[in-house]
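Everything on this sheet refers to the single structure shown next.
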Amino acid sequence: MTKLDRIDFEILRLLRNNARVSNKFLAEQIGLAPSSCLERVRYLRQQGLLKNAHTEVDLGAMGLGLQAMVSVRLHQKSRSEFENFRKYLVGLPNVQTVFHLSGENDFLVHVVTNSTDSLREYILDTFSERPEVAHIETSLIFEEIKNWDLPYNAELIDP
């Protein structure tokens, strides 16, 4: 676990909100020289705290305005069954995120599509036909609200 100071935390917070900000802007916001800021960003990448930068895409504008969460329970709980099904899910088109869970259901899968009819067909074709699947439950997503704030963990921050 990498210890952070207030400046490191602020860099992470600002980049999480917008990974496209310039180093100059970042340095100004934090109160560092651009060269010092760049060194800190490099260090955070080397430590694995900054992994990638992505662009948020409006899926609704692409005609994929219907989102759903699909809960999946498998018949057996063997490691090989979990791994095979997880690999299958990750390779599916229209799957946005796969969560492997504890509890009653084994997976929660975020899928996008263009209509309830296409969602129904997608679920039947991709989940219902799988022999390892014991139960499926689908919930439509009415609204998605993302929190881009960085969670605070006092154990990681040096005073």
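The basis for the numbers below is simple: all heavy atoms, side chains too, and nothing from hydrogens, waters or symmetry mates.
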Taking the side chain as every heavy atom from C-beta outward, state whether L92 and V98 have any atom pair closer than 4.5 Å. no

Contact between R73 and E104 at the side-chain level, heavy atoms closer than 4.5 Å - yes or no? yes

Please tell me if the side chains of L14 and V21 come closer than 4.5 Å, counting only heavy atoms from C-beta onward. no

Residues that T138 engages under side-chain contact (heavy atoms from CB on, under 4.5 Å), provided they are two or more places apart: A68, V70, L119, I123, I136

If hydrophobic clusters are built by linking Ile, Leu, Val, Met, Phe, Trp and Tyr wherever their side-chain heavy atoms come under 4.5 Å apart, do V109 and L64 end up in the same one? no

Determine, using the 4.5 Å side-chain heavy-atom cutoff (strictly less than), whether F107 and Y122 are members of one ILVMFWY cluster. yes

Within 45° cone of F85 ring axis and under 6.0 Å: R130 NZ or CZ: no

List in chain and number order the residues that pass salt bridge (charged side-chain N to carboxylate O under 4.0 Å, His left out) with R16, two or more places apart in sequence or in another chain; answer none if no residue qualifies. none

Residue list, side chain to side chain donor-acceptor pair (under 3.5 Å) with E144, at least two apart or on another chain: Q67

Which hydrophobic side chains are connected to I145, either touching it within the sub-4.5 Å cutoff or through other members that do? none

The criterion is side chain to side chain donor-acceptor pair (under 3.5 Å); which residues satisfy it with S115, sequence neighbours excluded? S118

Without placing hydrogens or testing angles, list every side-chain donor-acceptor pair under 3.5 Å for residues 50-62, not counting sequence neighbours.
| residue | atom | partner | partner atom | Å |
| --- | --- | --- | --- | --- |
| D58 | OD1 | G60 | N | 3.0 |
| D58 | OD1 | A61 | N | 3.2 |

Just grab all the side-chain hydrogen bond (donor to acceptor under 3.5 Å, both in side chains) pairs involving residues 91-100, residues at least two apart or on different chains. none

Enter the distance from T126:OG1 to Y88:OH here, rounded to the nearest 0.5 Å. 5.0 Å

Sorted by chain and number, sequence neighbours left out, salt bridge (charged side-chain N to carboxylate O under 4.0 Å, His left out) with E137 holds for none

Between CZ of R86 and CG of L89, what distance do you get to the nearest 0.5 Å? 9.0 Å

Within this structure, what is the CD-CG distance for the pair E121 and D117, rounded to the nearest 0.5 Å? 7.5 Å

Check whether N105 reaches the backbone of S71 with its side chain - one donor and one acceptor, N or O, closer than 3.5 Å. no

Taking side-chain contact (heavy atoms from CB on, under 4.5 Å) as the definition, give me every residue that meets it alongside N23, ordered by chain and number, with sequence neighbours left out. P34, C37, L38

Atom pair CZ (R13) and CD1 (I30), whose distance is rounded to the nearest 0.5 Å: 9.0 Å

Could you give the distance from CG (L12) to CZ (R40), rounded to the nearest 0.5 Å? 10.5 Å

Indicate the atoms forming the closest heavy-atom contact of T116 with L66, along with that distance. N-CD2, 3.5 Å

Taking side chain to side chain donor-acceptor pair (under 3.5 Å) as the test, write out the residues that go with E39, two or more places apart. R42

Gap separating the CD1 atom of I11 from the CG atom of D5, nearest 0.5 angstrom: 8.0 Å

With sequence neighbours left out, write down each residue that passes side chain to side chain donor-acceptor pair (under 3.5 Å) with Q29, or none if nothing qualifies. none

Starting from L124, can I reach L140 by hopping between I/L/V/M/F/W/Y residues whose side chains sit under 4.5 Å apart? no

Share the residues that join F99 in a hydrophobic cluster, the rule being Ile, Leu, Val, Met, Phe, Trp or Tyr side chains under 4.5 Å apart at the heavy-atom level. M69, L101, L108, I141

